[in-house]
Structures are given as structure tokens and as C-alpha cells.
Amino acid sequence: MTNPLPAWSALQTHYEQIRNEKMRDWFAPANDPAPTRAERYTYTGGGLGADFSKNRINDATLKLLVQLAREAGVEKRRDAMFAGEVVNPTEGRAALHTALRATEPDAPFHAQIAAERAKMAKFADAVRSGAWTGYTGKRIRHVVNIGIGGSDLGPKMVVHALKHLETPEIHSHFVSNVDGADLWRVIEDIDPEETLAIIVSKTFTTLETMTNARSMRDWFVQHGCPESALAKHFVGVSANPAEVVKFGIAKENVFEMWDWVGGRYSLWSAVGLSIMIAIGPQQFDELLAGAHDMDKHFREAPLEKNLPVLLGMIGIWYRNFFGSQSYLVAPYSEALHYLPAYLQQLEMESNGKSARLDGQFVDYPTAAVTWGEPGTNGQHAFFQMLHQGPTIVPIDFIAVLTPEHPLGDHHPKLLANCFAQSEALMLGRTEEEARKVAGPDKPELVPHLVFPGNRPTTTLLVDALTARSLGALIALYEHKVLVQASVWNINPFDQWGVELGKILGKVVEADLTAASADVKPHDSSTAALIARARAALKR
Ligand code: F6P
């Protein structure tokens, strides 16, 4: 695996030097008497803390990783993004999600963003207060966000995370899948007269969203809502307002986003309307403020102490030098249940690429498989593999120090498990220790009781799950993705890889629903699947 940057080859040499070193030795009093390791490798930024000390890093590693970030031009790319330069050249676009949370009046598109935000706030307040009613005069009690990918995952994740800040008057629902079961499970239980649908799609052409939007419209009409009153129940969010109006949504109910906001970076825009309705405009501002805190930290902190840079570069260390295939995000927080799913799109749609910016193909791995599940649930499912499987999976633990619920002794138990897991993964259990646990009668158990340890983890610390801290956490990961893209020399803001399946999907759909069996030529496997499904669909 090669990358021409000098720090890359220096890191390869360094890896050979430290790959067999044990973190438990680095932490041992003999080597760290003060002790200072935790302190030396814990950094703060944007109101968050990050303990990197249980990683396979020493001072030399960090120095080389930061050197690599510099050589890769991380600072230049970061500054170009904030300045609104075309950092997405394959689509000829800027990527200005940071402008959506900027407070500086000279930030790009400041006036335009403020105007749209004010329109959102007016609407959200009207829905929240009950001033906006359905066509029969009932207040809105159900908001159904219809969107997919970036038009779903961000708002869904945030609304779930901040449920403790949600107005009790309104229930938020998220429908994304073209599987009709997704929409059906929501609408079968709610009253159309009390329902508002927000159709969110940057392009307003996405198959899943448009199919769900049409079914939702039919549902309103079938339940007695006159076509002329649909405006009371439908709003649209898009960068393609003409298409929204064509769909039948009143012009004044269209909220705009812009082509310089990437789908997976869009929850800060009108795409976050469902968030604003759930938690209110003031808390939405807090979310933005948290992201802005992290933006400032990313721009101003030296790379050596810069959280997105360190998180990103340590990820590169495992992916490109240790060869790890996947990385796990384990929030010890039920509120952050949807964070891993959100990060899957952010990380893998952004950086799961092979073509470099110069048109050459990479010969080193890019985005790792991102996966995750809240703790402690994961411990009772897949942690076995993390502790004793032969592959190394780096982990980001996320611990929220103050609970957002009043229940007694749950929180110390939750935190204890989070911290204990990272300790166990780091320490492992030696053969000698295992022998003691097995006892003299069961020597055959010893190999099963050995834990290799030396498994790297980062622990992110959040004081309390507020709109502000959540904003900072999300922005941390957004910037981490940019840092890694810079080192891999790829464009994190396009997604050409989703196109081919969509094109073929249309062909297959036509073949599935065509009146005659005279379908287009396909490989024998696809043809047989189509034939089986055609027969089933006719039943
Ligand atoms: O197909 C992938 C994708 O384009 C994502 O990048 C995007 O977030 C999602 O589909 C939804 O797109 P839209 O907001 O245009 O409906």
C-alpha cells in the first residue's frame, strides 16, 4: 500500500517498530510512574473531550500522523471548504454545511440562510403552538418526515437523541423505505386531520421519497381531505423547488436548501425542519451553535490538539497501517441509537471511493466499514468477537456523563460498563492470568480464557446530551471525514457509486411490472429472480 507522501513511508517504518508493543506496558507504573499517559493523550474541543490514550500510539506516532495531515494539505482543504471554494469538483460545487451554522455576518450566503431559517422558525412555531391546523381545524399532532439517506438519517438521529427536549404535543415519525410497510406502519395508527407530512428530498426525484409522498397524498385524499386543502398537510424541502411545486405543494410551503449543501451534511438546513418542529427554533439554534463550536475548534486549534484531525488520523493509522477492515462506534447512550446508522452514510458514502481527485485510482484502502450499536446491548451480541476474534476493530466509545432521565442507579452501571470495556480491551488477559482463572483442574480452558488485549479504543466524553453538545459531536465526525479524505486524496462530497444500481433498478422495475413477459435481457440469475417475482406479483 503506497501513498507518495514522506510521512506515509515514515509511518510504515514506525508501524514495524511499535506493532508488537503493548498498551498495558505503556500504562504500567514502571513506564508511566506519575501516571501521565491518560492526561497526555486526552484533548478537548467544542465542549467535548476525547481520551485517545487507549490507542496504539506514542508521541512519535502522533507526530508522524500530524505530519502526514500537514503533507496531505488538510489545512488547505479545510480552509477551502469554509471559504466556499469548489471542493466537490466532480459536481462543480462547494460544500458549505459550515455556513449553515456560522454566526459571522461575512460567512458565505449569510443573508439567504438567515431568511430561510426565519421562515422555518415561523412555520415551526405555528405548528408547535397549534396555530397551524389541519383542514378540519384540528391541531397537528403527528409530523411525518418522508425522505431517505441524508434527508432522513440526520433528522431522525437528532430527534431521537433529543427526545427529552421534544414538545409533548407532537409525535415525530420518519418514513424512508420504499417498502410500503414503512409508511403503512406509521399511517395506520394516525389521524390524517392531525398529520403534517414533510417531503424532504434535495433532488425531489428520489424513487423512495416520491413513491412514499404520492402514497401519503392518496391517503389524505382517501380519508376525505379535499385536494384543495392538501396545502394544510404538506410541505416540501428541496434544492429543486420547481419540482416540489409540480408535485402539488403550495409555493409558500416550500423550504429551500441549496446545491452547496450535501445530502448527508444537510440536517443543519431546512432538511432539519422536523427537528425544529420537535425541539423548537431556540434549541435548533443551540444545535447549530454546538456545530459552530466544533467548526471554530477545527479551524483554530493546532493540528496537534485538534479533535477532528486526531480522530481522523488515528483512524488512518488503523486502516492504512494496521489493515483494520472496519471500525465500530459504540455510543453508551440509548438516545444516540441512530448515530451509527447516520455515521455509516457520512463515512462510507463520503469516503468509500477508489478514484482520487487527480483521476488515478488509489492503491491503499479508503473508508473502513462503519458499524455500531448502543452499549450495553452490543456487549451481549458482538463484543465476544471484539475481545477474542483474530481481527482488530478500533472502537469509538461515546460516554454521556449526565443522564437525561431520572432513573436511579442506571447511569453508573451504564458508564461503568463503557469504561470497563475499554479497559478490558486494552489490558486483555495473559496466559498466566488465564491459568489462575482456569484453576489447576481445567488447564484445557486456558486458551479460551486468554484475551489478546491491545485492542484500540477512543473514548469520547460528552458532559450531557444537549442540543449543543450533539451539534458538536456531529460536526466532529463531519470534519473527521474531511481529514481522512484529504489524506486519501479523494472527494468526500460526491456519491457516483449510488448511480448504477438506481439505473438498473428502473429497468428491472419495468420488467417486473410489464404486461408481457418479453423482458429485457439480463444475466441468468437476475432473469430467474425477475421471473419468480413476476409470477408472485400476479398472484
Ligand atoms: O442515493 C444516495 C443519495 O443521493 C444520498 O446521497 C442522499 O442523501 C439520498 O440519496 C437522498 O437524496 P435526495 O435528498 O435527493 O432525495
Side-chain angles (χ1 to χ4, degrees), residues 81-102 107-124 145-156 158 174-176 197-214 216 234-277 284 287-288 291 342 345-346 349-350 474 478 491-499 502:
M81 178 182 75
F82 277 91
E85 288 174 28
V86 176
V87 289
N88 174 2
T90 61
E91 296 182 314
R93 291 174 184 166
L96 272 172
H97 42 287
T98 52
L100 294 164
R101 57 242 188 171
F109 302 108
H110 191 71
Q112 205 173 333
I113 292 166
E116 205 59 23
R117 179 95 25 81
K119 182 175 166 187
M120 281 169 74
K122 196 168 160 215
F123 180 74
N145 187 94
I146 294 182
I148 198 164
S151 298
D152 166 72
L153 290 165
K156 179 161 93 174
V158 171
F174 293 86
V175 172
S176 53
I198 309 179
I199 315 300
V200 187
S201 174
K202 182 173 175 184
T203 53
F204 230 73
T205 56
T206 304
L207 167 97
E208 293 86 343
T209 304
M210 298 326 296
T211 306
N212 280 320
R214 279 190 290 269
M216 188 89 194
F234 263 100
V235 298
V237 178
S238 184
N240 187 1
E243 227 17 73
V244 188
V245 172
K246 226 157 85 192
F247 174 81
I249 291 178
K251 206 167 165 217
E252 62 276 15
N253 293 347
V254 181
F255 294 86
E256 248 196 282
M257 62 185 290
W258 304 278
D259 70 355
W260 40 263
V261 182
R264 53 194 173 274
Y265 299 85
S266 66
L267 68 90
W268 323 99
S269 71
V271 169
L273 185 60
S274 58
I275 304 173
M276 200 190 260
I277 293 174
F284 191 82
L287 185 75
L288 299 175
Y342 167 81
Q345 187 194 14
L346 184 64
E349 200 174 75
S350 297
I474 300 167
E478 285 180 346
N491 175 2
F493 300 117
D494 62 11
Q495 54 284 316
W496 298 102
V498 301
E499 297 301 328
K502 284 186 192 173

Could you walk me through whether H97 and M81 pass the side-chain contact (heavy atoms from CB on, under 4.5 Å) test, one step at a time?
-> CA-CA 9 Å; H97 42 287; M81 178 182 75; 3.8 Å; yes
Can you name the residues that form a side chain to side chain donor-acceptor pair (under 3.5 Å) with Y265, not counting sequence neighbours?
-> S350
Just jot down the side chain to side chain donor-acceptor pair (under 3.5 Å) partners of R101, sequence neighbours excluded, or say none.
-> D295, E478
Hey, can you pull the donor-acceptor pairs under 3.5 Å for the side chains in residues 238-256, sequence neighbours left out?
from: S238; atom 1: OG; to: S201; atom 2: O; distance (Å): 2.8
from: S238; atom 1: OG; to: K202; atom 2: O; distance (Å): 3.0
from: S238; atom 1: OG; to: N240; atom 2: N; distance (Å): 2.9
from: N240; atom 1: ND2; to: T203; atom 2: O; distance (Å): 2.9
from: E243; atom 1: OE1; to: K246; atom 2: NZ; distance (Å): 3.2
from: N253; atom 1: ND2; to: A231; atom 2: O; distance (Å): 2.9

Atom [atom1] of [X] and atom [atom2] of [Y]: how far apart are they, to the nearest 0.5 Å?
| X | Y | atom1 | atom2 | answer |
| --- | --- | --- | --- | --- |
| E85 | L96 | CD | CG | 10.0 Å |
| L267 | L287 | CG | CG | 6.5 Å |
| F493 | T90 | CZ | OG1 | 11.0 Å |
| R214 | T209 | CZ | OG1 | 10.5 Å |
| Y342 | I474 | OH | CD1 | 5.5 Å |
| I113 | S269 | CD1 | OG | 9.5 Å |

Search all heavy atoms of [X] against all heavy atoms of [Y] and return the closest pair with its distance.
| X | Y | result |
| --- | --- | --- |
| I146 | A213 | CG2-N, 4.2 Å |
| P155 | S274 | CB-OG, 3.5 Å |
| L207 | T211 | O-OG1, 2.6 Å |
| G272 | F284 | O-CE1, 3.6 Å |
| N212 | S176 | ND2-O, 3.6 Å |
| S266 | M257 | CB-CE, 3.9 Å |

Would you check if the side chain of D152 reaches a backbone N or O of N145 as a donor-acceptor pair within less than 3.5 Å?
-> no
Do the side chain of T206 and the main chain of E208 share a donor and acceptor less than 3.5 angstrom apart?
-> no
Who passes ring-ring contact (aromatic ring centres under 6.0 Å, His included) against W260, sequence neighbours left out?
-> F109, W258
Among L273, V237, I275, I277, which one satisfies side-chain contact (heavy atoms from CB on, under 4.5 Å) with M120?
-> L273
Please walk me through it: do M276 and F123 pass side-chain contact (heavy atoms from CB on, under 4.5 Å)?
-> CA-CA 9 Å; M276 200 190 260; F123 180 74; over 6 Å; no
Is the closest side-chain heavy-atom distance between I199 and F204 below 4.5 Å?
-> yes
What pairs with E349 under salt bridge (charged side-chain N to carboxylate O under 4.0 Å, His left out), at least two apart in sequence or on another chain?
-> R264
Which residues pass the salt bridge (charged side-chain N to carboxylate O under 4.0 Å, His left out) test with E91, sequence neighbours left out?
-> R93
Assess whether side-chain contact (heavy atoms from CB on, under 4.5 Å) is satisfied between R117 and L288, documenting all intermediate values.
-> CA-CA 11 Å; R117 179 95 25 81; L288 299 175; 3.1 Å; yes
Walk me through it: do N88 and N491 pass the test side chain to side chain donor-acceptor pair (under 3.5 Å)?
-> CA-CA 6 Å; N88 174 2; N491 175 2; 2.8 Å; yes
